[in-house]
Amino acid sequence: MTTPYRFTQNAFALALHQQFGHLDDGEESGITVSVAGRLMLMRRQGKLAFAMMRDSSGEIQLFALSSTTEEFEEFAKLHLGDWVGIVGEVVRTKRGELSVKVSTWVRLAEAQHNFGDKWAGITDYELRYRHREADLWANPGSRVSLVRRSELVRSVRQRCWAQGFMEVETPILNAIPTGAAARPFRTHHNALDTDFYLRIAPELWLKRLVVGGFERVFELGRVFRNEGVSPRHNPEFTMFELYCAYWNYEDMMEFTESLVEGVALDVLGTTEIEYQGRPFSFAAPWPRRTMAELASEAVGEQVSVHTSRERFVELLSARGIEVHPSWGSGRCLAELFEATCEESLWNPIFVTDFPVEVSPLARRHQVDPALTERFESYAVGRELSNGFSELNDPVEQRARFEDQARLAAEGELEAMAIDEEYIRALEWGLPPTAGLGVGIDRLAMLIADEANIREIIAFPTLKPLRD
RNA sequence: GCGCCGGUAGCUCAAUUGGCAGAGCAUUUGACUCUUAAUCAACAGGUUCCGGGUUCAAGUCCCGGCCGGCGCACCA
């Protein structure tokens, strides 16, 4: 059966409810409109038929009569889920439902599968994630969460543009996976007969653009990490990274809290929300505490990057954590912090002054060379952002990479690879620069109040079906 | 990768101790001129995820596999 190639739509459901709210029961407006959407319900009553049509804005009832609706019998036999285009007058039925009184109509597309139980929708996770197109109609909440994600991304872009940041794109196919500590995906280019890795972070490329004179750059892009999946981890996820020449990490903390607060205002209209039933505030400024302070409070004694490794072994093993032979005091402090503090950090907070040992790309702290000018923000017990004053000394950067290479030799699977081209780039001169990374999916979970990352990814990674 | 839980009609879910595989919605047919998850009547709809095994008898018990959810591990 041939269906139309186009349809002229001139009204949306939501706007009709706003414009014709004044109509009395049984009153006809005299205004003819053209609407389009999916048929969600059909109630036939003899020579009348009431249908519910949903478009991108909302729902509107369709009211058909055998006396005035063209091809009434065929209209009443439309299937739930069919796309329809409707021309008719805006009326309010005797029972008070605003409706489009169908004059002429056309089926724009047939739905050969239904959209779930009309009351329960679709609840099967597998069906919802594998066929999100059906889930979006069956479960309005899915639509809301994905719309919020989109609005979040738009807000981030607009706020960066407003401060003079330029959006750039850097390679996803990388000869060396670097810029973060993670296991990569591998792929192969046929014509070059070369293996490539999908990027685990855009970080080093972006700093090379700062070397090139782009003083304010950001990238919003997919990164890929070959790790386990969980309610908080998808193998491909969206990273936001931003670099600003002449800033240090304190400038970047101010930028970060202002950006996230602003995004919440743009998307939700408030900084005060509930996440999974528990109150939460994005309001800036966020407190700043050093990692050593927080870890000391948690364990009830003063610890720092200068605490002996032996003491850390005791503190960590008491908490069931085995200290790897390659860990120094810095790594131990970071592990202790994660084990004792991370989960309890509910409202946004900046944790600062990370050990050099766990921060191979960050610049040394000016008052304690065992630390770096680095921060991570935490919220709802999870890492939300990561930023630092960028290490811009090529000689020291090489030494830091070599430390990572030693870790790799000792069996550390996630150690960072040495990138000679990046070191060469630094030799051309990177000005003092601060960088920021935010996991957009994690932020979207907060904004959309979703506990599972798959809910804010339209098509999350699933194993392919096979027999 | 490991552990726990789950998979029954297109969708949402039942099925007692191992004893004829069911309901609502959707689909199909019919009735109904103001419905609101409309209502009423009727028809139809099944590889109980897949493959083995135990048993007179398996949706149910056992073994293996597939897919999903959660937890752990890894990470953001």
Side-chain angles (χ1 to χ4, degrees), chain A residues 25-26 39-52 59-69 72 76-82 91-99 101 111-131 134-135 137-139 179-184 200-201 222-241 320-322 338 342 376-379 381-386 412-414 437-446 451-455 460-467:
Chain A
D25 292 358
L39 215 54
M40 303 309 288
L41 286 172
M42 172 69 80
R43 293 183 284 267
R44 168 119 189 231
Q45 177 148 352
K47 295 190 172 65
L48 301 180
F50 301 88
M52 187 65 77
E59 295 181 339
I60 184 80
Q61 180 167 269
L62 307 176
F63 176 37
L65 302 85
S66 64
S67 54
T68 60
T69 298
F72 173 82
K77 287 177 183 169
L78 284 167
H79 287 177
L80 302 193
D82 284 352
V91 304
R92 190 178 296 280
T93 59
K94 289 177 190 170
R95 293 294 188 87
E97 187 73 35
L98 189 74
S99 308
K101 188 176 167 186
Q112 295 184 24
H113 305 289
N114 70 19
F115 287 88
D117 185 273
K118 69 184 173 188
W119 192 238
I122 297 174
T123 59
D124 181 74
Y125 286 110
E126 209 172 337
L127 183 58
R128 290 186 53 229
Y129 297 146
R130 289 193 198 279
H131 288 283
D135 174 49
W137 290 100
N139 300 305
R183 300 167 75 176
I200 57 175
R222 209 67 64 83
V223 298
F224 308 85
R225 298 187 182 177
N226 207 338
E227 292 156 356
V229 297
S230 84
R232 290 164 297 285
H233 302 262
N234 198 64
E236 54 178 308
F237 63 101
T238 300
M239 180 70 89
F240 166 72
E241 285 199 14
I321 298 165
E322 189 185 349
E338 283 177 26
E342 184 167 350
E376 283 187 351
S377 69
Y378 286 82
R382 304 200 279 257
E383 183 185 336
L384 183 63
S385 71
N386 178 20
E412 190 80 33
L413 292 169
E414 282 87 22
V438 180
I440 289 294
D441 309 81
R442 292 280 177 83
L443 182 55
M445 289 169 69
L446 274 178
N452 191 320
I453 197 170
R454 301 177 189 93
E455 297 293 344
T461 305
L462 297 177
K463 284 187 94 162
L465 293 173
R466 52 179 177 172
D467 300 320

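In what follows, every chain begins at residue 1, and chains take the letters A, B, ... in the order their sequences are listed. Hydrogens, waters and symmetry mates play no part in the numbers below; they use all other heavy atoms, side chains included.
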For this session: May I ask you to decide if the ring planes of A:Phe50 and A:Phe63 are parallel, tilted or perpendicular, using 30° and 60° as cut-offs?
Result: parallel
Problem set entry | Criterion side-chain contact (heavy atoms from CB on, under 4.5 Å) on A:Val223 and A:Ile200, from CA distance to verdict | CA-CA 5 Å; A:Val223 298; A:Ile200 57 175; 5.8 Å; no
For [N] and [M], measure between their [atom1] atoms and round to the nearest Å.
N      : M      : atom1 : answer
B:rG51 : B:rA41 : P     : 39 Å
B:rU28 : B:rA44 : C1'   : 7 Å
B:rC4  : B:rC20 : C1'   : 35 Å
B:rC62 : B:rG24 : P     : 33 Å
B:rG53 : B:rU12 : P     : 32 Å
B:rC72 : B:rU60 : P     : 32 Å
B:rC49 : B:rG68 : C1'   : 11 Å
B:rU8  : B:rG59 : C1'   : 7 Å

Problem set entry | Evaluation steps, side-chain contact (heavy atoms from CB on, under 4.5 Å), between A:Arg43 and A:Gln61 | CA-CA 11 Å; A:Arg43 293 183 284 267; A:Gln61 180 167 269; 3.5 Å; yes
Nearest-Å distance for atom pair [atom1]/[atom2], residues [X] and [N]:
X        : N      : atom1 : atom2 : value
A:Asp135 : B:rG69 : CG    : P     : 13 Å
A:Trp119 : B:rG24 : CH2   : P     : 18 Å
A:Lys94  : B:rU36 : NZ    : P     : 15 Å
A:Ile453 : B:rG69 : CD1   : C1'   : 16 Å

Determine the contact category for [X]: base if any of its heavy atoms lies under 4.0 Å from a base atom, sugar-phosphate if only primed atoms, P, OP1 or OP2 are that close, otherwise nothing.
X        : result
A:Asn226 : nothing
A:Lys463 : sugar-phosphate
A:Leu384 : nothing
A:Glu383 : sugar-phosphate
A:Arg454 : sugar-phosphate

Watson-Crick or G-U wobble mate for [N], both contacts under 3.5 Å:
N      : value
B:rC61 : B:rG53
B:rG3  : B:rC70
B:rA14 : none
B:rU27 : none
B:rC32 : none
B:rA37 : none

For this session: With sequence neighbours left out, write down each residue that passes side chain to side chain contact (heavy atoms under 4.5 Å, CB included) with A:Arg442, or none if nothing qualifies.
Result: A:Arg232, A:His233, A:Arg382, A:Met445
Problem set entry | Counterpart residues, side chain to side chain contact (heavy atoms under 4.5 Å, CB included), relative to A:Asp124 (two or more places apart) | A:Glu126, A:Leu127
Heteroatom pairs (N/O) under 3.5 angstrom, protein to nucleotides 41-45 of chain B:
none

Problem set entry | Gap separating the CG atom of A:Leu446 from the CG atom of A:Asp441, nearest 0.5 angstrom | 11.5 Å
Exercise. Is there a side-chain contact (heavy atoms from CB on, under 4.5 Å) between A:Tyr125 and A:Arg130 once you walk through the steps?
Worked result: CA-CA 8 Å; A:Tyr125 286 110; A:Arg130 289 193 198 279; over 6 Å; no
Between [options], which nucleotide has the shortest distance from any of its atoms to the side chain of [X]?
X        : options                : value
A:Asn452 : B:rC70, B:rU27, B:rU33 : B:rC70
A:Arg44  : B:rA76, B:rU33, B:rC32 : B:rC32
A:Tyr129 : B:rA76, B:rG69, B:rA38 : B:rG69
A:Phe50  : B:rG68, B:rC34, B:rU28 : B:rC34
A:Arg232 : B:rA76, B:rG71, B:rA38 : B:rG71
A:Tyr125 : B:rU27, B:rG68, B:rC32 : B:rG68

Exercise. So A:Leu62 and A:Leu39, side-chain contact (heavy atoms from CB on, under 4.5 Å) or not? Walk me through it.
Worked result: CA-CA 9 Å; A:Leu62 307 176; A:Leu39 215 54; 3.9 Å; yes
Problem set entry | With A:Phe237 via ring pair (Phe, Tyr, Trp, His ring centres under 6.0 Å) - residues at least two apart | none
Exercise. Residues in ring pair (Phe, Tyr, Trp, His ring centres under 6.0 Å) with A:Phe72, at least two apart?
Worked result: none
Seminar exercise, completed: With sugar-phosphate taken as primed atoms, P, OP1 and OP2 and all else as base, the protein-contact string of nucleotides 4-14 of chain B at under 4.0 Å (heavy atoms; B, S, -) is ------BBSS-
Please tell me if [X] has a side-chain N or O lying less than 4.0 Å from either OP1 or OP2 of [N].
X       : N      : result
A:Arg92 : B:rC34 : no
A:Gln45 : B:rC32 : no
A:Arg43 : B:rU39 : no

